[in-house]
Amino acid sequence: MNPRINPSILAADFVNMQSELARIASADFAHVDVMDNHFVPNLTFGPQMVERIQETSPIPLDVHLMITDPERWAPGYAELGAASVTFHLEAADDPVALARRLRQIGARAGVAIKPGTAGEPLYDILDEFDQILVMTVEPGFGGQGFMPETMPKLRALREEATRRGADVWLQVDGGISFDTIGQAAEAGADTFVAGSAVYGADDVEAAVTGLRDRARTASLES
Ligand code: DX5
Ligand code: ZN
């Protein structure tokens, strides 16, 4: 497994976004948290800001939509060029139809589940997605503690994906650090979002490399 590390720019300095994006050039994707103050009690940015981030970023965008009514908004993020667009299962009326639309526009289609949402309803539709995001904190804020109780759900999704031969990335997001990334890798994650662990480090590039190495070692041990 070659682990993907996606730094979350939620932990970046918003008024220096261009240089903050340049700092993560050695990472895999820039994780962009879109929050609408409805689906989650926090507000970040919308399509216009993400369009400029897309034009400025040295690496592709992994957009995480924590918003209600993703049917209305998600396609626009694919159209502006985001490589990956993930919406929440809890917010979608017809997740399969929306994923198909995102793929048709040319983005990878992702679906996210909150810590309290079961993974089983996704088993039969794994092929419809390029990425499943298992939230390892309650969505809304960076800097929270990793929830290890989400690991059995992640492990079960990995087993299902393997059993069905589904080519789907399993992403974790929330509280991922040098201390917690190993558990998530061992449980089957291959794509790791990290906000404070990357932008809070003295050496951002070393943090990305260190997280990737730690995930690779843990997945080999599993
Ligand atoms: C939380 C966001 C995360 C957040 C992660 O709702 O989806 O992407 O930025 O931040 P850390 O890594 O600090 O927990
Ligand atoms: Zn996120």
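For ligands, and for the atoms within them, numbers begin at 1 and follow the listed sequence.
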Below 3.5 Å only, please: the N or O atoms of ligand 1 paired with protein N or O atoms, distance on each line.
from: ligand 1; atom 1: 6 (O); to: G140; atom 2: N; distance (Å): 2.7
from: ligand 1; atom 1: 7 (O); to: D33; atom 2: OD1; distance (Å): 3.0
from: ligand 1; atom 1: 7 (O); to: H64; atom 2: ND1; distance (Å): 3.2
from: ligand 1; atom 1: 7 (O); to: D173; atom 2: OD2; distance (Å): 2.9
from: ligand 1; atom 1: 8 (O); to: H31; atom 2: NE2; distance (Å): 3.3
from: ligand 1; atom 1: 8 (O); to: D33; atom 2: OD1; distance (Å): 3.2
from: ligand 1; atom 1: 8 (O); to: D33; atom 2: OD2; distance (Å): 2.7
from: ligand 1; atom 1: 8 (O); to: D173; atom 2: OD1; distance (Å): 2.7
from: ligand 1; atom 1: 8 (O); to: D173; atom 2: OD2; distance (Å): 3.0
from: ligand 1; atom 1: 9 (O); to: S8; atom 2: OG; distance (Å): 2.8
from: ligand 1; atom 1: 9 (O); to: D33; atom 2: OD2; distance (Å): 3.1
from: ligand 1; atom 1: 12 (O); to: G195; atom 2: N; distance (Å): 2.7
from: ligand 1; atom 1: 13 (O); to: G143; atom 2: N; distance (Å): 2.9
from: ligand 1; atom 1: 13 (O); to: S196; atom 2: N; distance (Å): 3.1
from: ligand 1; atom 1: 13 (O); to: S196; atom 2: OG; distance (Å): 2.4
from: ligand 1; atom 1: 14 (O); to: G175; atom 2: N; distance (Å): 2.8

Residue and atom names of protein N/O/S atoms that fall under 2.8 Å from the Zn ion (ligand 2):
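H31 NE2, D33 OD1, H64 ND1, D173 OD2, with waters left out.
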Sort and list the pairs that fulfil ring-ring contact (aromatic ring centres under 6.0 Å, His included) and have at least one residue in residues 171-196, not counting sequence neighbours.
none
Does D28 pair with R212 as a salt bridge, N-O distance under 4.0 Å?
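Judged by the 4.0 Å cut-off on N to carboxylate O distance, D28 and R212 do form a salt bridge.
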Presence of salt bridge, R100 and E128, under 4.0 angstrom
yes
What one should report as the nearest heavy-atom pair of A91 and T68 is CB-CA, 4.3 Å
Ignoring hydrogens, what is the shortest heavy-atom contact between A22 and P58? Give both atom names and the distance.
CA-CG, 4.3 Å
Run the side-chain donor-acceptor check on residues 114-125: report pairs under 3.5 Å with partners two or more places apart or on a different chain.
from: T117; atom 1: OG1; to: E90; atom 2: OE2; distance (Å): 2.6
from: D124; atom 1: OD1; to: R164; atom 2: NH1; distance (Å): 3.1
from: D124; atom 1: OD1; to: R164; atom 2: NH2; distance (Å): 3.2

Tell me yes or no: between the side chains of D62 and Q171, is some donor less than 3.5 Å from an acceptor?
yes
Test side chain to side chain donor-acceptor pair (under 3.5 Å) applied to H31 and D173, T191, T86, the passing residue
D173
How long is the gap from OG1 on T56 to CD on Q18, to the nearest 0.5 Å?
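Here the rounded value is 5.5 Å.
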